[in-house]
Amino acid sequence: MTLSLSPVLTLNPKLLPLHLHLHLPFPATTTSSPSNYFGTHIHCRYSYYNNKSGSSRSSLTTTTALSSPPPPLSSRCSCCVFANNYRGGTRGIITRLTRSRSRIKIKRKIKTGMPCDSISEIAGGCGGGPPSEDNGSLRNFKSGKVSSFLASLMPKQEIAADRFIESHPTYDGRGALIAIFDSGVDPAAAGLQVTTDGKPKILDVIDCTGSGDVDTSTVVKADAHGCIRGASGASLFLNSSWKNPSGQWHVGYKLVYDLFTDTLTSRLKKDRKKKWDEINQEQIAKAVNQLDDFNQKHSTTDDANLKRVREDLQNRIDILRKQADSYDDKGPVIDAVVWHDGEVWRAALDTQTLEDDPESGKLANFTPLTNYRTERKYAVFSKLDACTCVLNIYNEGNILSIVTDSSPHGTHVAGIATAFHPKEPLLNGVAPGAQLISCKIGDSRLGSMETGTGLTRALIAAVEHKCDLINMSYGEPALLPDYGRFVDLVNEVVNKHRLIFVSSAGNSGPALSTVGAPGGTTSSIIGVGAYVSPAMAAGAHSVVEPPSEGLEYTWSSRGPTADGDLGVCVSAPGGAVAPVPTWTLQKRMLMNGTSMASPSACGGVALLISAMKAEGIPVSPYTVRKALENTAIPVGECPSDKLSTGQGLMQVDKAHEYIRQSCNIPTVWYEIKINQSGKSSPTSRGIYLREASSCQQTSEWTVEVKPKFHEGANNLEDLVPFEECVELHSTDKAVVRAPEYLLLTHNGRNFNIVVDPTKLTDGLHYYEVYGIDCKAPWRGPIFTVPITITKPMTVKSRPPVVSFPGMSFLPGHIERRYIEVPLGASWVEATMRTSGFDTTRRFFIDTVQICPLRRPMKWESVVTFSSPTAKSFAFPVVGGQTMELAVAQFWSSGIGSHETTIVDFEIVFHGISVNKEEIILDGSDAPVRIDAEALLASERLSPVALLNKIRVAYRPVDAKLSTLTADRDKLPSGKQTLALTLTYKVKLDDGAEIKPQVPLLNNRIYDTKFESQFYMISDTNKRVYATGDVYPNSSKLPKGDYNLQLYLRHDNVQYLEKMKQLVLFVERSLDDKDVIRLNFYSEPDGPIMGNGAFKSSVLVPGKKEAIYLGPPLKDKLPKYAPQGSVLLGAISYAKLSHIDQEGGGSPEKSPVAYQISYIVPPNKADEDKGKTSSPTSSKNVSERLDEEVREAKLKVLSSLKQDMDEELSEWKKLSKSLKTEYPNYTPLLYKILEGVLSQNNADDKIHRNEEVISAANEVINSIDRDELAKFFALKGDPEDEEQEKLKKKMEAARDQLAEALYQKGLALAEIEFLKEEKTESRAVPGETDDQPKPDSDDQPDLFEENFKELRKWVDLKSSKYGTLLVLRERRHGRLGTALKVLNDIIQDNGDPPKKKLYELKLSLLDEIGWNHVAKYERQWMHVRFPPSLPLF
């Protein structure tokens, strides 16, 4: 889905990065039809649009991060559009990079606008320097109101960060180092150059994903002129001042669009296409003029030669027009050169292909860069893209990492946390004195999705740089909370290396249990919710009337986690106007989401670290977290509001005082593990009574509290003396009872809690048991046991209908209802009626059910009511499980109108229960019996089943295990990461859309013990067609053979060894014509007898009905379904009651559908197989023996290699001997011709072609062409076996003759070209004799004679022989016709593209003078025929 913010932004709320909530200043309105997005995977994309752009920045000049601001760019943006590319479900214009393809479920559109005057003009200057603070500066605003407005754009007052810095000016973050795990940070962005005390802001910029890696393992040496051949084939002149003692230059190249975001690429493509079209139109006009001139000169053209000339001129026009229609810009290629200057590795880029000026972008003009952390310099590719890049060199110069951002998200996040604008202090980030490193975890190849590789490398970098803090505004829903390899590594980083990890909680609210991983589900991470204050609403969102009090954004994710933990730790402002990358052509942008709340909190923590270091207080994530939690201001009045806001809105000043007081308190974290008494599993971190059975009885729970010290704590000084007297408190002793006191030592203690929910009313209830240090009660709760009870109402009516009438809503209000879904229910049909309001209202509607070992089962919709009306929805449910219904009026919807919205909500439960939810047809002819019944009310049984996909299993043909380099892949523990590369061979007999799947690994990135996976699909030319990771995408591939490489990483070699034979499925959608609709029967013999077809019936409660599902007819199976493959599809049993349709339809349109699969059986036996009889040979034994010996000798000749001189000599000897022994034996002569063609080591090309001609003539002369012609002139008897044998022999002879004539023609043409290359120019179209002139009048035209002979035997327009026709047209100067024929050959050829055909095309384009088309085709050559596969 594409999001767009123009003056009006249309976005899907849950679609942005989990933490990427784009946000707009105006109250948003939206319309969205109800639909079920449960279980779908959505890919969204960021997009920015501006209506004016310009730049005076010079190309690829490097800039030091500390340089002074350069002159401004002449650029202005009148509107901003931000869409995103994250898998996941954010709502509203919200951000937190989320992957929920099930990661973010997209479906809510929000319209909102951003006034152009709220976005400052971008600034920047020659040399790629940072934007000028003077350009478009807001510092001149003096009035109090305007100052308040500006302050609201970068909120700091809400968390008391402004007051704290006013009181402690030097505690502004200086001394704190933050690692930003995100999409990458632009070092040229406004406010990200220096800190308040003049230090460099960004200490390192790293691409942890590998998406910008360039293979520079190829080493070349310069010639006498200081020129080297680049990896792209271009000649590159080196700068004579560059030092390179070894003389070795590492070269590589990159398609520049692979480094850019989709938005930037789209902008460049548009600009480049416009320029290309102008040139193309000039060439078309020139060609039209040539044709007009010809027609005026030759009014009648009966002459065949003139007709061909006219046809050629017309072909030129047609080709240019078609070229414009098929234009697909794959982007420029940039060459990279890496060398060691005697001290450090350096790199330079050649970007001439990006520039309009041929003198710009040359390699020699590039200021060499080394790793960013060494010199902190960066470059800009060109003034057209205005995109900043950083270069890092790894693996002894064999890998160059070109670092660009994969979206503006990371720069925006970094700006919120640390931006420093000395002349615009109101727009400073929270901690302007802090420094940062940028760890790019958003993979550009995946549209900015995070990968396990990126996450692991980022943690390695954060520890290596001795960071104090990590901010990560990415995430997704998880199967298991607080589980997985990434969580294990985070725990090590936090507990051993004392880094404080802050992350966004997610944007999937307002329902409970929607916090995402890792921020909302991991104990060692501070999860942050998104808060909006009245000032933010008035300023940043420009609402008509701000709310009277601050509140959590409607879309901010809520707790508890599935295991009962609170989920959200604290809240912080979830929106800001912050810096964005220079390529967006603006300085700042407004976004909101928990993506923005997390860096706001992180900046606040950086202030605390700054203070702690200045005051000599040891920094510990345990101390800081407890200070944040126990000093936060509660948001909301109900105890259950903690599930939305955590402990409340963090307060920096109070947290600082708390930390000061805690100096002498042991630095510990209290780990909570809870089990229900009498049960050893599961273990949880809180108590979550959600299901009806749990709420109908008293339960007892065992709580283990264990103090956790940092790794390295001293046994005698820290562990042994630790002892605390803890007073236990319950927030409501009538419901939750706990002991009064607990003596806690280092080894921990257990105590029991009794929870009695039996007297509670239906609905949400939240309680806590918390411990207070008896000696220091001022500390507040030192540990807390959260207890969440969602007591559901029971549906007793039949049919099962639940109504919630008269619910009153004001902006931001949320109504929650909990219902025990009746057993037997499988879907809901709901109706929402609104009344009592005037202006448009927008509502979020969520339902959530929690099932064991599944991600929360969530359905969501955003609906807009422009007037009082009713809307209907349908969505699936699980019977017997509690369902939360959350209805929320969007926080800014209806602001300014004081009318209350009245909502009546009605839910009707439906269900058809079947004995087999997943149907497997085993490939036999027997049908499958299905028992169906309606347990709740009468339902219409109307089954539909389709098979629309095929899944084929593959095992790897190759498995390679390797150890990765230490500079990026050595874990903090010292373990080295290993990589396993598995290769699978996939053959497609026709074009298809395929999706690779690895069931063991797919759909989990945080809640898995495996580190990472990445796949790459390439053809035999090494062209990459698709890449993917844990969430594979469908990719459309043409017919051909493919290699699928699966790349797995882990530090445990045993795990990787077990995966060397990992099964991979390739799933493809069936063509529409091949989709199989299955039939239902009321009788078991129906599929064979053809009777008893079943259409529909009415199920009555208490009575089962049986139906039979028949297998597909064998003649309906697709031809590309091999034995053992599986056809997949869906089956449904019901139709929505409010949809009137009979039969037909698709299971996907039903509210509930189940998977159906069919195992493809063996093919039917060939009836004729085994019946072939070989006639008695008329030859005697001696003759047959001679034949066998001859064929054996031919085999030996074919097996000889000719790579070395000695081998070639042996081959020549044997071929000469065999020619003497078997003169005029065509198969032998043909084998010799093949051998000559395979010899590629000849320096004298003319001599080699003469050898080809000689060998071809021997084949031609050995064949009786008259006899061959006579045979094919007569029609033989197909039933005559002798005749058929003779036919095969003659066909073989014809094919050998045609091939010999074809190769001879190619050799003749090449000899002619080589001889004339330096002395003769190509023929120009015009009035010339059709026959080219031979060297002398009496010398025959051998090429033409050979061509006419070949034309007798084959179709010269076919892809196999058409090249000769192209060469013929070229000889006659008809280059337009030659190109047309060549294009037809390329298009008709079903095999992978042949490089020789495209090289021939390039030579024709150069010859005809169409440089713009030739340049375009040369760029495509790097896509079609790369020298090697890209790095993982």
Side-chain angles (χ1 to χ4, degrees), residues 57-64 126-128 212-256 259 331-372 374-375 377-384 389-403 1243 1317-1318 1399 1402 1406 1411 1414-1415 1418-1419 1421-1422 1426-1428:
R57 196 174 283 197
S58 63
S59 79
L60 262 175
T61 46
T62 58
T63 300
T64 304
C126 297
D213 284 1
V214 180
D215 182 354
T216 52
S217 58
T218 301
V219 178
V220 299
K221 288 187 177 289
D223 62 17
H225 305 290
C227 180
I228 62 173
R229 185 175 179 82
S232 72
S235 295
L236 306 174
F237 284 93
L238 302 167
N239 189 313
S240 59
S241 67
W242 294 349
K243 296 179 181 179
N244 183 355
S246 70
Q248 295 184 332
W249 305 90
H250 293 248
V251 295
Y253 77 89
K254 191 79 170 176
L255 292 167
V256 77
L259 300 169
V333 172
I334 57 173
D335 272 289
V337 180
V338 175
W339 70 97
H340 198 280
D341 69 0
E343 296 179 0
V344 295
W345 286 97
R346 294 199 177 273
L349 303 179
D350 182 276
T351 60
Q352 292 183 78
T353 54
L354 274 166
E355 300 285 355
D356 293 331
D357 181 359
E359 295 303 312
S360 298
K362 289 185 177 181
L363 177 73
N365 296 333
F366 187 95
T367 302
L369 300 179
T370 187
N371 289 14
Y372 186 87
T374 303
E375 294 180 349
K377 291 182 179 180
Y378 56 85
V380 176
F381 288 102
S382 75
K383 63 184 179 182
L384 300 176
C389 71
V390 162
L391 304 184
N392 293 317
I393 301 122
Y394 303 108
N395 193 20
E396 296 299 313
N398 291 318
I399 296 176
L400 170 66
S401 174
I402 303 177
V403 190
D1243 295 329
E1317 189 176 31
K1318 295 183 180 179
E1399 289 174 340
L1402 282 172
D1406 289 337
N1411 296 329
K1415 182 179 179 181
R1418 283 192 170 87
Q1419 290 173 357
M1421 291 291 283
H1422 296 289
S1428 61

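When a residue number appears, it is its place in the shown sequence, counting from 1. The figures here come from the full heavy-atom set of this structure, side chains too, leaving out hydrogens, waters and symmetry mates.
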| request: Look at atom CD of E396 and say whether more than 12 heavy atoms of other residues, nucleotides or ligands are closer to it than 6.0 Å. | output: no

| request: Before giving the answer on side-chain contact (heavy atoms from CB on, under 4.5 Å), spell out for L384 and D356 the whole-Å C-alpha distance, their side-chain angles and the decisive distance to 0.1 Å. | output: CA-CA 9 Å; L384 300 176; D356 293 331; 4.2 Å; yes

Which heavy atom of [X] sits nearest to which heavy atom of [Y], and what is that distance?
| X | Y | answer |
| --- | --- | --- |
| G331 | L255 | O-CD2, 4.4 Å |
| S235 | C227 | CB-SG, 3.8 Å |
| S232 | Y253 | N-CD2, 4.0 Å |
| S217 | N398 | CA-OD1, 3.4 Å |
| A348 | L391 | N-CD1, 4.5 Å |
| Y378 | V390 | CB-CG2, 3.9 Å |

Sub-4.5 Å side-chain heavy-atom contact between [X] and [Y]:
| X | Y | result |
| --- | --- | --- |
| L349 | L400 | yes |
| E375 | L369 | no |
| I334 | F381 | yes |
| V337 | F366 | no |
| S246 | H340 | no |

Rounded to the nearest 0.5 Å, what separates atom [atom1] in [X] from atom [atom2] in [Y]?
| X | Y | atom1 | atom2 | value |
| --- | --- | --- | --- | --- |
| I399 | W345 | CD1 | CH2 | 12.0 Å |
| K362 | D335 | NZ | CG | 14.5 Å |
| N239 | N365 | CG | CG | 7.5 Å |
| S382 | D357 | OG | CG | 12.0 Å |
| H250 | I228 | NE2 | CD1 | 11.0 Å |
| L236 | R229 | CG | CZ | 9.5 Å |

Tell me whether [X] contacts the main-chain N or O of [Y] through its side chain, where contact means a donor paired with an acceptor under 3.5 Å.
| X | Y | value |
| --- | --- | --- |
| T353 | V333 | yes |
| N1411 | K1415 | no |
| T216 | G397 | yes |
| K254 | D215 | no |

| task | If the plane angle is over 60° it's perpendicular, under 30° parallel, otherwise tilted; pick one for W249 and W339. | result | tilted

| task | Could you point out which residue of D341, T370, N371 forms a side chain to side chain donor-acceptor pair (under 3.5 Å) with R346? | result | D341

| Can a salt bridge be assigned to the pair R1418 and D1406 using a cut-off of 4.0 Å between side-chain N and carboxylate O? | yes

